Structures are given as structure tokens and as C-alpha cells.
Novice: 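I am attaching a structure below and will ask some questions about it afterwards.
Naming: A, B, ... by sequence-line order, numbering from 1 per chain. All values derive from a computational prediction rather than experimental measurement.
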Amino acid sequence: MNDKVSSALSVGDLTVAYRSKPAIWDIDLDVPEGVLMAIVGPNGAGKSTLIKAVLNLIPRAAGAVSFYGKPYERARSLVGYVPQRGSVDWDFPTSVLDVVTMGLYGKLGWLRRPGRQQREQALQALDDVGLTDLVDRQISQLSGGQQQRTFLARALVQDAQIYFMDEPFAAVDAITERAIVNILHQLKERGKTVIVVHHDLQTVEDYFDWVTLLNVEIIATGPTADVFTPDNLGRTYGGRMTYLSDGQLMPVGD
Amino acid sequence: MILLERALIDLLLNVFTREELNAFLRSPQNTATIIGCLIAISGALLGSFLLLRGMSLTSDAISHTVLLGIVVAFLLMTEVFGMEGDTSSPWLIIGASLAGVGTVVLTELLFRSGLVRQDAALGLAFPLLFAIAIILVSRFAEDVHLDEDAVLVGEIGLAWANTNSHCYQHCDSVTITPEHPAATLARQCSNCRELGISPRDDGAEFVEICGNCGVYSPARAWSAGLLQNQPHLVFFPKSITVTLVMGLLSVCFVVIFYKELKLTTFDAGLAKALGFRPGLMNYGLMILVSLVAVGAFDAVGSILVIAFFIIPPAAAYLLTDRLSLMLLLSPIIGAAGAVFGYDLARGQLFGIWDVGAAIAFINQSLGLDLPARWDSSISASMVLMIFLFFLLAWVLSPRYGLISTFVRRLHQNRRFQNQVVLAHIHNHQDTERREVELRVDTLHLHFRWQPEKMRRVLARLRVMGLVRMVDQLVELTERGDAHVHEFRKVMLATHNVPDLD
């Protein structure tokens with residue numbers, strides 16, 4: 001396992017199994033600080049599973065994970081998470097502002113209530129994602145794209161160092177897609193590391209400077225220009241998976 | 001418990017006289033209403049979170065399986081530890097809450113096996129635990145006050161009679177020994193059965209038995225006529241104390257952990273990622289649900305207590321978009337149901353209509369012979385009343401009610417028809433085909449609409465000043481033209497935003 005401080009995320013030998021079937025298998029991954037990284041792979045490749053296992057949301061069968069050299073328990077405040085939109089009940093009786101404020105609960109800790117300062121922070125984040133007009137809107141009345149931006153704002157208020165986003169571009173409108181891309185680039189400019197589960201191969205090269213190709217195992221990981229090649233994509237998506245044999249495509253840190 | 005009652009009575013005695021207080025508590029109506037309200041408050045608060053977690057029926061399961069906890073705790077107390085079998089012991093309550101948590105754990109285990117679905121897992125776990133409880137009751141604890149009637153519907157109407165007495169003056173307790181003048185002594189043959197002889201036969205030996213010896217509390221001593229001065233007593237119904245404690249616990253839990261409950265309910269994943277403990281909150285909630293179920297067990301029974309958990313939150317959910325408001329409204333709805341439910345059981349609907357008179361009227365007009373005296377189960381009437389409030393919310397809720405939904409759909413339909421017709425006119429009015437496409441009397445044919453429908457839409461649009469008729473042709477007014485452009489702009493900008501009004 002690589003504990004260099006320069007890597008924002010370091011994953012070693014991570015395996016997650018649903019019953020006896022591995023969902024992800026022996027993942028070694030080092031993500032340098034300050035990159036915008038896409039995790040790309042076919043359905044069932046374990047993209048979401050990888051993120052959830054890294055964040056300790058599901059049990060790991062084996063392996064270790066560190067953020068800036070620290071285990072998750074000591075790095076919570078460094079980590080921001082944007083789950084899949086469908087993971088919550090949008091009929092929950094609460095407002096957009098309230099949902100965004102939830103991102104600050106971690107810093108507040110047990111029992112302390114959010115106050116004026118938290119409200120200001122949440123409003124700022126909503127401004128950043130272009131939802132200023134919908135602050136008091138009941139969340140069930142949001143469109144899909146607006147829901148996604150609400151989640152994004154909730155992660156922004158966490159003011160984390162490394163962000164994990166699970167399919168933020170899934171079924172969103174063009175306005176939202178542009179808004180999210182803008183936010184991603186702002187985060188990168190501020191030196192944050194962003195890891196995004198991504199489905200749309202067309203936009204990978206435009207949006208991301210770092211790519212991990214995943215299909216249960218890591219196929220390749222590294223700068224988009226080096227890794228996002230037809231050959232690698234063929235191996236990621238093309239039926240049976242083959243072990244890496246081609247030296248030049250060996251993932252960093254393997 | 002006793003200390004709490006004492007403190008509460010002391011507080012009340014600052015405002016009321018002792019006689020007033022006793023008279024108030026001795027009224028079945030007052031006691032039943034207070035207990036009903038307290039159960040409604042704790043049930044509604046906890047039930048709101050159950051509802052939002054999609055776990056409403058867990059309250060159903062738990063309210064049954066607490067019986068197992070009660071019985072097991074009772075058996076452990078009496079059989080294993082040799083204690084006095086006391087049905088109001090705190091051990092029973094601890095047993096009950098463990099059984100509640102056990103139900104949830106068992107359900108989780110079954111579900112996690114991946115072989116049954118969540119709802120089926122619950123349905124598997126709770127009849128099992130309830131069945132074990134029933135067997136234990138019928139086999140080992142028949143003499144305990146745990147009969148089926150009490151389990152099903154409770155005895156809220158009799159709660160006033162089951163009291164603790166608190167003495168404030170002339171508090172002499174009396175101990176009667178065989179030497180006491182008031183002792184009633186009887187001789188009993190001690191060896192008759194053994195020797196198979198009658199007490200009159202020779203050789204019978206006798207012992208003296210004291211029929212009324214023992215320690216008499218002031219209340220018992222007075223009613224047995226052992227005291228000169230009437231002790232000043234306050235009789236406090238036990239159920240009020242129990243349900244009051246449950247109510248306070250629920251309120252404290254929800255107020256203290258409001259933020260944590262909200263987060264873990266809305267997004268358990270984020271809660272976990274932020275370092276909160278969704279599992280812990282869940283079990284905390286389940287323990288409280290069990291406690292309330294036990295507390296309400298005596299009063300309203302295990303089936304009807306579910307109504308106090310589920311119906312008020314369901315009604316409040318229809319009335320508001322804010323969790324805080326929902327937590328305020330649902331206890332109010334539950335408590336109102338308890339208050340008016342008591343009236344209903346006694347034949348009064350909202351204190352205005354007399355149910356008996358209504359039945360008499362039905363009898364008279366239909367020639368039936370229904371019993372006109374209306375005197376029904378109090379807890380069932382409370383549930384009916386709560387449901388009536390739910391029904392009102394369901395029909396009348398300003399945003400989600402049946403009526404407003406219907407009106408909104410109608411309105412949307414009309415707006416849609418308006419837009420379709422306006423767009424059609426806009427597309428054709430400056431073309432050569434306008435003579436064909438825009439004739440008033442044939443316009444409906446292009447839409448495959450009934451002529452009547454088209455006439456209505458056109459009439460609406462004319463009233464709104466959006467179209468006018470010129471030589472049997474329809475055309476847009478300036479306002480109509482602006483309207484079409486505005487609509488297109490909005491549609492294009494926010495094509496996936498649902499309509500909000």
C-alpha cells in the first residue's frame with residue numbers, strides 16, 4: 001500500500017463480495033491530489049461499490065484505504081460524498097436549504113443545532129450551483145437536475161479535500177450538466193480531488209484529466225490522455241476481462 | 001414512579017384542592033382522555049419517523065411482541081429469582097423493550113439472509129414471537145392479568161379505578177396482629193385432611209388463623225374502618241403516570257436528537273459517512289416504540305395502539321412539507337382524536353350530534369329496530385375519530401388532498417388544451433392554408449375533438465382575450481401572440497421542471 005502524502009486516496013488490495021461473488025476484486029489504486037478523475041466501466045463493474053467500500057458504507061472483505069495517509073475514521077472531515085440521486089426518498093418533508101444544511105451536520109457533531117452561520121454557508125453553496133431561487137422549495141417539487149444540484153451543494157458545504165460523486169450526470173438536463181462541470185473545475189482550481197462515477201464515454205476526455213477503467217478489477221488508471229485508449233476501453237467493455245499484459249498500460253501504483 | 005406521582009400531585013395541589021383533584025381524576029372521562037392524549041402524543045412523534053422510514057408496520061409487530069418480553073420477564077422474576085409477581089414492575093418494561101429490539105434484530109437477520117423480502121421478514125418474525133408469548137401466557141402465567149381481551153383492546157375506560165393512593169394527612173397505617181381487637185380470628189383444623197377426620201371428631205387439632213392480619217396502608221385502613229380520622233388521600237391512576245413518562249421520553253428523544261433523527265431517516269448513507277450512527281438511532285427509536293407500546297398496552301391494547309402510531313403522522317404528512325410542522329401537527333391530530341373519540345364512544349359526535357338520536361331517526365324512518373343506546377369501546381372510538389381526521393386531511397389537504405389534486409389536474413388539462421389550440425393558430429395563421437386550418441366551424445376536425453370541446457376552449461380563449469374571430473377564422477390577438485412566445489420560452493428553458501401550481 002502506498003502511503004505517500006501526495007496521493008489523496010490510496011486503496012490497497014480492496015475486495016468486496018456480495019456473498020461469494022466478488023463485486024470488486026483486489027483493487028489497488030492511488031489517486032494523486034488535485035485531479036478530476038472519472039471511474040468508467042460497464043454496468044455491474046462495481047463502480048458504485050468501489051466508492052461505497054472506500055467510504056466504509058459497505059463491509060470490505062479485504063483491503064485497506066487511506067485518505068491523505070489517514071484511515072477514514074480520522075479523515076471524515078476531508079471527505080465529501082454525493083450519493084446517487086435515487087438513494088433517498090425525495091418526498092421527505094423538507095426544504096432544499098435543509099438538505100444542503102445536512103452536509104454541515106458532520107462538523108456540528110452530535111446534538112449541536114445548525115444556526116445562522118450554517119444557513120449562510122448553505123445559501124452560498126446553493127448560489128454556487130445556481131439554485132438560489134429554490135432555497136425554500138419542498139424537495140419533491142424539484143426536477144431531476146435540480147435534485148442533483150441540491151446534492152452537489154450539500155457536498156460543497158462540507159468543504160472537503162476529496163469528493164466522491166456517484167453518477168452525478170445520470171439523467172440530468174443540459175443546464176445541470178454544465179453547472180456540475182463548472183463546479184468540478186472550480187473544485188479542481190481550489191486544489192480539491194474529485195472522483196466521479198461516470199457513464200458517458202463521449203464526455204470523459206472533455207471533463208476529466210484522470211481516468212480509472214474498472215470492470216470488477218482495475219483495467220487501467222492514470223492521466224486521461226494515456227489511459228483512455230480504444231484498446232483499454234475494449235478490454236473494459238469487451239466481454240471477458242483479460243489481465244493486463246501490455247507493459248505501457250500498467251496502472252500507476254500496481 | 002411513586003415519587004414522580006408525588007411530585008406531580010404536589011404541583012397540582014398548589015392550584016387545586018385535594019377534593020377537586022380527586023373528583024377530577026375519578027371521572028372516567030378525564031382519566032381516559034388524558035391517557036389517550038398522552039399515548040397519542042408519544043405515538044405520533046415516534047410514528048412520524050417510522051412513517052418516513054417506511055417502517056410503519058414495525059409498530060404493529062412491536063406492539064405484539066412486547067408481550068413476549070413481558071411474559072418472559074415475569075416468568076424470570078417469579079420462577080427464577082423468586083420475586084413477587086408484580087405486573088407493574090420495571091423489569092417487565094425492560095423485558096418488553098428488549099423484545100421490541102429483538103423483533104427488529106430478528107427481522108434484519110431474516111432480511112439479510114437474502115432469502116425473504118423486508119415485509120415478509122417482519123411478517124415472519126412477529127407472529128413467531130407473539131405465538132411463543134401466547135403459549136407461555138397460557139401455560140405458565142394464566143393467573144396474570146394478561147388475558148386476550150386486554151391484549152386486544154385494553155381497558156382505558158377503567159383506568160381511573162386502578163390507582164396509587166397518596167396520603168397527605170392523618171396518614172396512619174395500621175398493623176393488625178392476632179392480638180389486635182379488630183382481628184378476626186378463626187379456628188382451623190390442622191390435621192383433619194391428613195387423618196381423614198372431621199373437625200368434630202376426636203383427635204382433631206386446631207390452629208388459630210387471623211383472617212385480616214397484615215399491614216394496612218392509610219387508604220385500606222380507612223376503608224376497613226380501622227381509623228378514627230379520615231386520611232387525606234389523593235388517588236392517582238397508574239396509567240396516567242406510565243403514559244406520562246412515555247410521553248416525556250418521546251418528546252425528549254425527538255427534541256434532543258431531532259437533527260440526528262432527520263439525517264438518519266432522510267439519508268442513512270450520508271449519516272454514516274458523516275460519522276453518525278444510523279443503526280444506533282434506529283435501535284433507540286425501536287426501544288422507545290417498544291416502551292410506548294408497553295405503556296399503551298394496558299390502556300388501548302396492542303392492536304389499537306398501532307393506530308396512534310400510524311394514522312396521525314399519515315394525516316400530518318398530507319398537510320405539510322416541513323418535518324418540524326409534521327411533528328407538531330401529528331400529536332395534535334392524535335390528541336384531538338382521543339378527546340373526540342371519548343365523546344363518540346359515549347354517543348356524542350364532536351359534542352354536537354347525538355349518535356343515539358341519529359339511530360332513533362334511522363329506526364323511525366326505515367322501520368328498523370337498532371339499539372338506540374350508543375355505548376361502545378372507548379379506544380376503538382378514539383381510533384375511528386383519528387381516522388376521521390385522516391380522512392379530512394386526505395380529502396381537503398390544500399396541496400395533496402383529493403379535491404385540490406382534482407382541481408389542479410382539471411386546471412392543467414385546460415391550460416394544456418389552451419396551449420395546443422394557441423400553438424396551432426400560431427403555426428397556421430400567416431400561411432396560405434389558414435383558410436383551411438383555422439375555420440371556426442371545422443377547427444375541431446384537425447384535432448379529432450368533439451365540436452363541443454373545441455367551442456368551450458375557444459370560448460375560454462376569447463374571454464381571456466387571446467383569440468378573436470375574423471370572417472369565420474380564428475386568429476391570435478397581440479396578447480395571444482405574446483402568450484405563445486412566452487410559453488415556448490418557458491418550456492424550452494425548463495422542459496424537465498414539473499408544473500408547480
Side-chain angles (χ1 to χ4, degrees), chain A residues 18-19 51-52 54-58 72-74 76-77 79-84 87-95 98-99 101-114 134 136-146 151 154-155 158 160 164 166 171-176, chain B residues 48-49 51-55 112-115 252-253 255-281 284 313-314 316-330 399-400 492-501:
Chain A
Y18 291 124
R19 309 229 184 90
I51 285 192
K52 285 182 187 150
V54 160
L55 295 178
N56 244 344
L57 296 177
I58 52 175
Y72 185 56
E73 285 65 33
R74 288 195 285 125
R76 275 186 213 285
S77 62
V79 180
Y81 173 44
V82 182
Q84 278 184 22
S87 66
V88 301
D89 170 18
W90 289 95
D91 284 331
F92 194 87
T94 191
S95 66
D98 217 25
V99 171
T101 312
M102 286 180 192
L104 293 161
Y105 284 9
K107 287 216 173 64
L108 286 169
W110 288 85
L111 303 187
R112 269 180 61 207
R113 295 290 171 83
L134 303 180
D136 288 318
R137 187 69 57 90
Q138 147 72 9
I139 56 173
S140 65
Q141 295 168 4
L142 300 178
S143 70
Q146 289 164 345
F151 261 10
R154 191 178 71 173
Q158 292 183 43
F164 293 86
D166 202 344
V172 299
D173 53 296
I175 297 172
T176 299
Chain B
S48 294
F49 286 103
L51 179 92
L52 293 172
R53 286 161 178 248
M55 297 177 72
R112 289 234 183 109
S113 74
L115 301 176
C252 289
F253 179 69
V255 168
I256 293 174
F257 293 109
Y258 176 72
K259 176 178 112 238
E260 288 76 13
L261 280 168
K262 182 162 74 172
L263 179 63
T264 52
T265 304
F266 176 63
D267 192 343
L270 181 77
K272 200 170 173 199
L274 291 179
F276 294 97
R277 310 277 298 277
L280 208 63
M281 288 319 293
Y317 183 68
L318 292 175
L319 293 174
T320 174
D321 284 338
R322 291 287 181 274
L323 179 60
S324 47
L325 215 53
M326 181 173 162
L327 291 174
L328 198 67
L329 276 178
S330 50
R399 187 169 277 170
Y400 305 110
L492 286 177
T494 59
H495 60 96
N496 62 353
V497 180
D499 207 355
L500 294 173
D501 44 22

Novice: Which region of A:V82, side chain (C-beta onward) or backbone (N, CA, C, O), has a non-hydrogen atom less than 4.5 Å from a non-hydrogen atom of chain B, or is it both or neither?
Specialist: neither
Novice: Based on non-hydrogen pairs under 4.5 Å, which of B:G275, B:A271, B:G269 is most in contact with chain A?
Specialist: B:G275
Novice: Given a strict heavy-atom distance threshold of 4.5 Å, which part of A:Q158 is in contact with chain B: side chain, backbone, both, or neither?
Specialist: side chain
Novice: Which atoms of B:Y317 come close to chain A, meaning under 4.5 Å heavy atom to heavy atom: side chain ones, backbone ones, both, or neither?
Specialist: side chain
Novice: Side chain of A:Y81, backbone of B:L274: donor and acceptor closer than 3.5 Å?
Specialist: no
Novice: Applying side-chain contact (heavy atoms from CB on, under 4.5 Å) to A:Y105 and B:E260, what does each step give before you reach the verdict?
Specialist: CA-CA 8 Å; A:Y105 284 9; B:E260 288 76 13; over 6 Å; no
Novice: Out of B:L263, B:T265, B:L270, return the one with the most heavy atom pairs under 4.5 angstrom to chain A.
Specialist: B:L270
Novice: Check each of B:L327, B:L325, B:T320, B:L52 against A:P93 using the side-chain contact (heavy atoms from CB on, under 4.5 Å) test, and report the only one that passes.
Specialist: B:L52
Novice: Using side-chain contact (heavy atoms from CB on, under 4.5 Å), reason through B:D267 and A:F151 one step at a time and then give a plain yes or no.
Specialist: CA-CA 11 Å; B:D267 192 343; A:F151 261 10; 4.1 Å; yes
Novice: Donor-acceptor pair, B:K259 side chain versus A:L108 backbone, under 3.5 Å?
Specialist: no
Novice: Counting only heavy atoms closer than 4.5 Å, note whether B:R399 contacts chain A via side chain, backbone, both or neither.
Specialist: side chain
Novice: Could you go through the salt bridge (charged side-chain N to carboxylate O under 4.0 Å, His left out) check for B:R322 and A:D98 one step at a time?
Specialist: CA-CA 10 Å; B:R322 291 287 181 274; A:D98 217 25; over 6 Å; no
Novice: Indicate the ring-plane relationship of A:F92 and B:F266, choosing parallel, tilted or perpendicular according to the 30° and 60° boundaries.
Specialist: tilted
Novice: For A:D166, which atoms come within 4.5 Å of any heavy atom of chain B: side chain, backbone, both, or neither?
Specialist: neither
Novice: Could you grab the distance from atom CH2 of A:W110 to atom CD1 of B:I256, nearest 0.5 Å is fine?
Specialist: 12.0 Å
Novice: So, do A:R113 and B:Y258 sit near enough that their side-chain heavy atoms are less than 4.5 Å apart?
Specialist: yes
Novice: Check each atom of A:L111 against the heavy atoms of chain B and say whether the ones under 4.5 Å are side chain, backbone, both or neither.
Specialist: both
Novice: In Å and rounded to the nearest 0.5 Å, what is the CG to OG distance from B:D321 to A:S140?
Specialist: 6.0 Å
